[in-house]
Amino acid sequence: MEKEMTFIKGMDISTLLEVENCGGKFYDNGVEKDVLDILKSYGVNTVRLRLWNDPYSEEGKPYGAGTNDLGVTVCLAKRALEKGMGFLLDYHYSDFWADPGKQILPKAWRGYGVGMLEEAVYAYTAETLRILKRANALPTMIQIGNELSNGLLWPYGKTPEYDNIARFVSAGIRAARSVDRRIPIMLHLDNGGNNALYRSWFDEYCKRGEDFDIIGLSYYPFWHGTLQMLSDNMADIAERYQKDLIVAEVSMGYTMEDYAAYEGLAAHERKGYATRQSLVEKIEYPMTKQGQCDFMKDFLTRIQNVPNNRGKGFFYWEPAWIPVAGSGWATESSLQYMGDKGPCGNEWANQALFDYDGNALPALSVIRDFEPKST
């Protein structure tokens, strides 16, 4: 990259339009405001937006969870860019959620072999970026694939098929650079406390794939080990690969209070908490407002302390996904696409940075007041 990167205080706001359309409102000190204005006032300087290829059933029914097609992405990106924020574009290369447990081929790419998939990734990446550019919504950072720990575009790109993984990811990188070579490229895995995962994946990819700029990590304390494990992994891979690091997904709960009344769903339709009680007991900080603040202080300090100033920031995952009737992680149509049986509710509301009524939480002040050390 040509110049030193500003420390990113980022937020993934991919469900925001859906939450707003379902009636969600946001407040700071009792005053209703645009959530982006609230976030900016607390030091947030970048947003992250996921992009799904075609998040609709073959009958045209939306998959939910933000239904993040290109139109939604353009709308949210323009809102953020017009407020002077940066924008990380998160390609999933799927019609719906892509993560270590599922990397489902887009409907339009079914039946493609490896060569056709490589061409499809290139064409799709280049075309969507050209559309964003024409809309004055070009990203300031691009993520090629989402949580690629187990690969992408299964079954062809499922680990340990690293030759194919590298072909697909490299096609996306080349396409992004064909539109604008200046935009930094991120590759992103989950389980940020798992050093063996990062060493094995990036060792294999770097033997085969196009160069990139940033290693992205997911770190959820209830799934991905201790903060010390995260610190140890970041220190090792920053040196091993000589790349800047960004924690592309992080969150911490602030309550275990139920939010069923806000969802308006029958009990069998609710997804429930991402953090079951058995997981809560393993977390280093309590799931309270103060615990969320203390976690963020510790977490931010650890990013700052990555050797050689390689820790470049974070994106808090879905801080504004408050519980409102009509906004959940999936719809019946998307469950058919994934081969899942549901249920469909919101499982993230107690991880947000706004309470169930949309009021800004104290952890936002921790983010605002954190001063990264000068380079």
Evaluate the side-chain proximity of [Y] to [X]: yes if any heavy-atom separation is below 4.5 Å, no if none is.
X	Y	result
Glu263	Asn346	yes
Arg199	Tyr241	yes
Leu197	Asp190	yes
Leu105	Trp154	no
Phe315	Val247	no
Leu335	Trp329	yes
Glu210	Val169	no
Val31	Lys33	yes

Donor + acceptor pair across side chains of [X], [Y] (<3.5 Å):
X	Y	value
Asp28	Tyr42	yes
Asn350	Thr255	no
Arg50	Gln143	no
Ser94	Gln103	no
Asp236	Asn195	yes
Asp69	Tyr56	yes
His188	Ser218	yes
Ser149	Trp201	no
Ser251	Gln351	yes
Asp298	Tyr285	yes

When the ring planes of [X] and [Y] are compared, do they come out parallel, tilted or perpendicular, using 30° and 60° as the limits?
X	Y	answer
His92	Trp97	tilted
Tyr93	Tyr91	parallel
Phe314	Phe299	perpendicular

### Task
Please determine which of Phe354, Trp321, Trp317 meets the ring-ring contact (aromatic ring centres under 6.0 Å, His included) test together with Trp348.
Trp317

Distance-minimising heavy-atom pair for [X] and [Y]:
X	Y	answer
Ile173	Leu187	CD1-CD2, 4.4 Å
Ala126	Ser178	CB-OG, 4.2 Å
Lys289	Pro362	CD-CD, 4.4 Å
Pro319	Asp12	CD-O, 3.1 Å

### Task
Assess Lys9 against Phe370: is NZ or CZ under 6.0 Å from the centre of the six-membered ring, and within 45 degrees of the ring's axis?
no

### Query
Is the NZ or CZ atom of Lys107 positioned over Tyr337's six-membered ring, under 6.0 angstrom from the centre and within 45° of the axis?
yes

Nearest 0.5 angstrom please: [X] [atom1] to [Y] [atom2], how far?
X	Y	atom1	atom2	result
Thr159	Asn150	OG1	CG	4.5 Å
Asp37	Lys40	CG	NZ	8.0 Å
Tyr124	Asp54	OH	CG	9.0 Å
Ile246	Leu88	CD1	CG	7.5 Å
Asn29	Asn359	CG	CG	9.0 Å
Met296	Leu353	CE	CG	7.0 Å

Spell out, as yes or no, whether a donor-acceptor pair under 3.5 Å connects the side chain of [X] to the backbone of [Y].
X	Y	result
Asn233	Met229	no
Asn45	Ile8	no
Glu318	Thr15	yes
Tyr162	Asp203	no
Gln292	Ala363	no
Asp34	Leu36	yes
Gln242	Glu239	yes
Ser327	Val324	no
Ser170	Arg167	no
Arg48	Phe87	no

Any Lys/Arg nitrogen of [X] or [Y] sitting under 4.0 Å from an Asp/Glu carboxylate oxygen of the other?
X	Y	result
Asp211	Lys243	yes
Arg79	Glu20	yes
Glu118	Arg174	yes
Lys102	Asp99	yes
Glu161	Lys158	no

### Query
When you look at Ile237 and Leu217, which way does the side chain to side chain contact (heavy atoms under 4.5 Å, CB included) test go after all the steps?
CA-CA 11 Å; Ile237 62 176; Leu217 309 88; 4.1 Å; yes

#### Entry: Test log, rule side chain to side chain contact (heavy atoms under 4.5 Å, CB included), inputs Ile183 and Thr140
CA-CA 6 Å; Ile183 302 175; Thr140 55; 5.9 Å; no

Kindly work out whether a path of hydrophobic side-chain contacts (I/L/V/M/F/W/Y, heavy atoms less than 4.5 Å apart) joins [X] to [Y].
X	Y	answer
Tyr220	Ile13	yes
Ile367	Ile322	yes
Val19	Leu76	yes
Tyr122	Phe212	no
Leu81	Leu16	yes

#### Entry: Crowding at NZ, Lys25 (>12 non-hydrogen neighbours, <6.0 Å)
no

### Task
Please assess Leu89 against Met141 for the test side chain to side chain contact (heavy atoms under 4.5 Å, CB included), listing each intermediate value before the final yes or no.
CA-CA 6 Å; Leu89 177 60; Met141 186 182 299; over 6 Å; no

### Task
Check the pair Tyr262, Asp357 against side chain to side chain contact (heavy atoms under 4.5 Å, CB included), reporting the backbone distance first and the verdict last.
CA-CA 9 Å; Tyr262 293 83; Asp357 293 308; 3.1 Å; yes

